[in-house]
Amino acid sequence: MPALGFLGRLRAFLTSRRFVITLTALVGLLAVLYLVFVSFFFNPFEDDLEDTASIVPREVDYFLRWKDAGSHFDSFPLPAAWGDLEDTKLWTEMQASGASDLWDQRVGISQLLADLGESSALTPAGLSMKTDFLREVAIAGMGSPSFGDSFGREFNGMLMLRVSFKVKAGIALLNFGFVRNKLPESLGIESMGDQVYRLPGFGPFGFRDAYLARIQDVLILATGEEWLDRARDLQVRAGEDSLAFASQFRDAVEAFLAQEDQPLEAYVRWESVREAMPQWPPRDGDPAYFQRALGIFFDTDMMRDLAGYWLAGNKFRVRLSGRVDSTQARTEFMRDWIESSPISKKRLREFAGAAPADSFFFGAVAGRADRVLPQLEGQLDTELKRLLDEVVTESGQYNGMIHLLESLGSLVQPGLYLALRRNHFPDFPVETGENKIGHDDTPVPAIVLMARFSSSGGYDKVEKFLREELKHLLGDAVREWDVPLVGGVRGRSFSSMAIPGTGEVVVFPLPQLDGVAITNSWAFAEKVHHASITTEASGDSIRRKLSRQPGFRTSLDALDGGASMFLYFDPSQSWPFLEELSQEVALATFHDQMEATYAQQRPALERRLREELFGSVSGVLSSQQTRQLSDAVDEELAATTRDEESRQVPGLAQEYLNGLLPLRWLDWVSIGLKASRRNASAVLSGELDLD
């Protein structure tokens with residue numbers, strides 16, 4: 001039985017004293033080798049650092065962290081998202097039109113990629129920036145978080161990189177003098193003891209000294225040894241007193257993330273770095289009306305701190321929240337608005353259900369309408385406000401436009417809702433006979449403003465208000481008639497050529513919402529009313545209601561229990577209107593340019609035409625000759641304008657559209673702001689359209 005004989009001999013060996021001695025010696029040798037390796041290098045079986053924020057002091061002024069950064073690059077420094085954008089038809093269109101160069105100049109993508117490429121060139125041979133250094137990137141510091149050209153000179157903090165086993169081994173070898181001596185002399189790495197190394201004249205830090213150390217799998221480059229000492233102390237104390245356990249960071253960031261999420265996270269002590277951060281509303285330049293209008297509601301000077309994250313991808317989300325001090329509000333209105341109740345998600349969904357599915361914009365703002373409307377009027381251009389005040393005052397009913405808007409706003413509850421759609425309704429029957437609506441060709445969207453009544457009989461009060469005030473504002477030429485809507489509901493239309501774009505204002509009830517709607521289009525009124533009476537469970541609700549669109553539903557889901565202000569935008573639905581608007585913008589730009597040109601050219605033109613018309617006549621021209629000369633100058637300038645307009649306006653219109661082309665990468669985008677006396681949060685969400 002040879003087999004049994006072999007098993008017997010094997011059993012005898014395994015139970016022999018020789019085997020026990022051999023095994024003990026082998027285990028002992030491995031243990032000694034392990035201890036030697038740990039003593040001279042590092043523990044190869046040590047755990048990764050669970051949270052880089054746990055070695056960051058909670059008193060830092062800012063902290064930025066990008067988890068799993070390397071996975072966001074195809075091959076460093078080219079981001080994977082950039083390749084996706086370049087594969088779209090839109091990018092080809094942007095390249096052909098030159099819009100890609102314009103966008104690159106504004107955003108600085110080429111320069112950023114070049115800077116990243118330079119840092120990649122410093123990577124030691126055999127190592128990959130993407131897989132060996134960018135498993136996670138974090139930066140923390142005190143003072144100004146300037147990331148421009150002055151970053152290296154002003155930076156006071158530490159850069160943290162979660163690195164691979166190979167990098168850990170390489171850092172361990174720096175402990176040996178003969179290894180450091182073989183490194184390029186330009187590096188000049190010096191050992192400071194306790195596995196801390198000084199890098200003199202470190203370029204990324206403005207050619208100041210940098211200090212290098214490792215905590216588990218995290219490589220740290222700091223501007224001073226005190227940062228490394230503090231990080232090691234926090235590690236020993238399991239993160240106690242670190243940023244990871246600070247409520248301002250944990251409650252605003254970690255509480256909203258799933259374990260598998262890999263976001264870009266941020267924390268900023270706004271009070272300390274306010275001067276270096278972007279301001280809202282903008283303080284410089286001449287902001288557009290919408291910037292001035294949004295600026296009445298919130299001011300970043302009220303912020304005390306800010307924390308949040310960005311989850312990148314085709315579906316992206318940015319969430320920012322922080323503590324505010326409403327006593328620092330610039331105006332009494334701003335303070336009262338911030339402290340007012342937000343609009344619930346249920347109410348937002350109800351009024352979005354009255355917005356047609358093909359609306360390209362939906363907005364909602366909390367607060368008393370009799371206070372919000374006058375504030376929005378106050379952001380109009382000074383001359384326009386003056387004209388409106390004159391017309392309203394002449395009616396004898398109000399002291400000015402503000403008084404009128406306060407009276408209108410008092411008829412509805414807090415909360416205003418606005419929807420916009422392209423003003424194009426080919427399937428709607430054209431009005432005939434007495435109901436023929438005259439209008440100019442001003443490109444305007446179809447607009448509807450909605451609200452809930454504040455008391456019974458609200459609709460009759462609103463209709464009466466409009467009937468009286470439109471006649472005061474636009475004169476007796478205003479015509480009016482009943483407007484039949486689906487389901488037997490009737491609205492009231494007021495028409496006048498003085499109303500831009502559509503020539504009419506229509507008011508009608510929203511019985512399902514106990515509300516009222518005011519629009520500039522009978523056709524749009526029909527769509528709004530039809531959407532409002534269509535139930536969510538109806539088979540055609542997704543065809544009629546904005547609230548049933550996937551993007552809009554996702555945007556509402558992202559909100560934290562409601563919003564003080566909510567804005568939703570669908571670029572694809574807006575593009576036909578933007579194409580129409582581009583012509584108007586181009587004409588306005590052209591005429592502004594020509595006025596400046598004429599101011600320079602007119603004196604010389606007058607001298608030339610005077611000589612042509614009146615020869616050597618000297619002295620002052622007669623009144624008839626002056627009119628003749630003025631008419632001749634105007635006629636020649638008008639001819640020049642016609643020629644130049646046909647030549648320049650198409651290019652100006654295309655230039656305007658080229659600046660908007662990147663919007664078409666967005667399927668939809670929304671932002672919700674929720675504010676209170678002590679806290680504020682904003683959620684930006686959206687989806688890319690890369691087909």
Side-chain angles (χ1 to χ4, degrees), residues 343-364 412-413 415-431 445-453 458-459 462-463 482-493 502 504-559 562-563 566-570 572-574 576-577 667-668 670 672 687:
I343 303 172
S344 68
K345 290 169 69 169
K346 179 176 181 293
R347 185 63 53 83
L348 289 170
R349 187 176 294 107
E350 289 174 345
F351 275 91
D358 54 0
S359 300
F360 65 75
F361 175 83
F362 177 82
V412 297
Q413 294 182 13
L416 294 171
Y417 308 86
L418 179 72
L420 307 179
R421 180 195 184 275
R422 183 189 180 196
N423 183 30
H424 181 65
F425 302 94
D427 56 341
F428 192 78
V430 178
E431 302 93 333
I447 305 169
V448 63
L449 179 67
M450 300 173 283
R452 289 175 71 94
F453 296 123
Y459 178 73
V462 172
E463 185 182 304
D482 282 341
V483 172
L485 301 173
V486 66
V489 171
R490 304 189 74 80
R492 194 72 175 167
S493 173
T502 62
E504 70 173 333
V505 170
V506 180
V507 57
F508 60 98
L510 296 171
Q512 280 69 21
L513 298 174
D514 190 25
V516 62
I518 302 174
T519 180
N520 62 346
S521 165
W522 178 4
F524 197 38
E526 178 75 7
K527 281 186 169 290
V528 170
H529 179 64
H530 208 158
S532 72
I533 65 175
T534 302
T535 64
E536 292 279 326
S538 172
D540 63 346
S541 63
I542 195 168
R543 183 172 62 89
R544 296 193 179 279
K545 302 169 78 71
L546 180 64
S547 61
R548 291 279 289 127
Q549 303 312 300
F552 188 87
R553 295 174 68 178
T554 302
S555 70
L556 276 193
D557 291 341
L559 296 180
F566 177 74
L567 308 173
Y568 175 87
F569 179 58
D570 183 336
S572 62
Q573 294 287 0
S574 73
F577 166 69
D667 189 17
W668 59 270
S670 72
E687 185 170 357

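Residues take their numbers from the sequence shown, with the count starting at 1.
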Side chain to side chain donor-acceptor pair (under 3.5 Å) against [X], all qualifying residues, sequence neighbours excluded:
| X | result |
| --- | --- |
| Glu687 | Trp668 |
| Ser344 | none |
| Ser547 | Glu536 |
| Glu350 | Lys346, Arg347 |

How long is the straight-line distance from [atom2] of [Y] back to [atom1] of [X], given to the nearest 0.5 Å?
| X | Y | atom1 | atom2 | result |
| --- | --- | --- | --- | --- |
| Lys527 | Phe425 | NZ | CZ | 7.0 Å |
| Thr519 | Leu449 | OG1 | CG | 9.5 Å |
| Ile447 | Asn423 | CD1 | CG | 9.0 Å |
| Ser555 | Leu546 | OG | CG | 8.0 Å |

Discussion item. By the definition ring-ring contact (aromatic ring centres under 6.0 Å, His included), identify the one residue from Tyr417, Phe362, Phe351, Phe552 that meets it with Tyr568.
Written reply: Phe552
Item to complete: Taking ring pair (Phe, Tyr, Trp, His ring centres under 6.0 Å) as the test, write out the residues that go with Phe360, two or more places apart.
Response: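 For Phe360 the ring pair (Phe, Tyr, Trp, His ring centres under 6.0 Å) partners, ignoring immediate neighbours, are Phe577.
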Below 4.5 Å, heavy atoms only, C-beta onward: do [X] and [Y] meet side chain to side chain?
| X | Y | result |
| --- | --- | --- |
| Ser574 | Phe361 | no |
| Val528 | Pro356 | yes |
| Ile533 | Val489 | no |
| Arg492 | Asp482 | yes |

Worksheet entry | Pairing residues for Arg544 by the salt bridge (charged side-chain N to carboxylate O under 4.0 Å, His left out) criterion, not counting sequence neighbours |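 Asp540.
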Worksheet item: With sequence neighbours left out, what residues match Arg422 under salt bridge (charged side-chain N to carboxylate O under 4.0 Å, His left out)?
Response: Glu580
Would you mind writing out the side-chain donor-acceptor pairs for residues 505-516 within the sub-3.5 Å range, not counting sequence neighbours?
none

Worksheet entry | Listed once per pair and sorted, the side-chain hydrogen bond (donor to acceptor under 3.5 Å, both in side chains) pairs that draw on residues 355-364, sequence neighbours left out |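 Listed by first then second residue: Asp358-Arg421.
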Item to complete: For Ala357, check side-chain contact (heavy atoms from CB on, under 4.5 Å) against everything at least two apart and list the hits.
Response: Gln549
Can you name the nearest heavy-atom pair linking [X] to [Y], along with the distance?
| X | Y | value |
| --- | --- | --- |
| Glu526 | Pro484 | OE1-O, 4.0 Å |
| Leu348 | Ala563 | CD1-CB, 4.4 Å |
| Thr534 | Ser541 | CG2-CA, 3.9 Å |

Discussion item. For Pro550, is there any backbone N or O sitting under 3.5 Å from a side-chain donor or acceptor partner on Thr554?
Written reply: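 A pair under 3.5 Å: yes.
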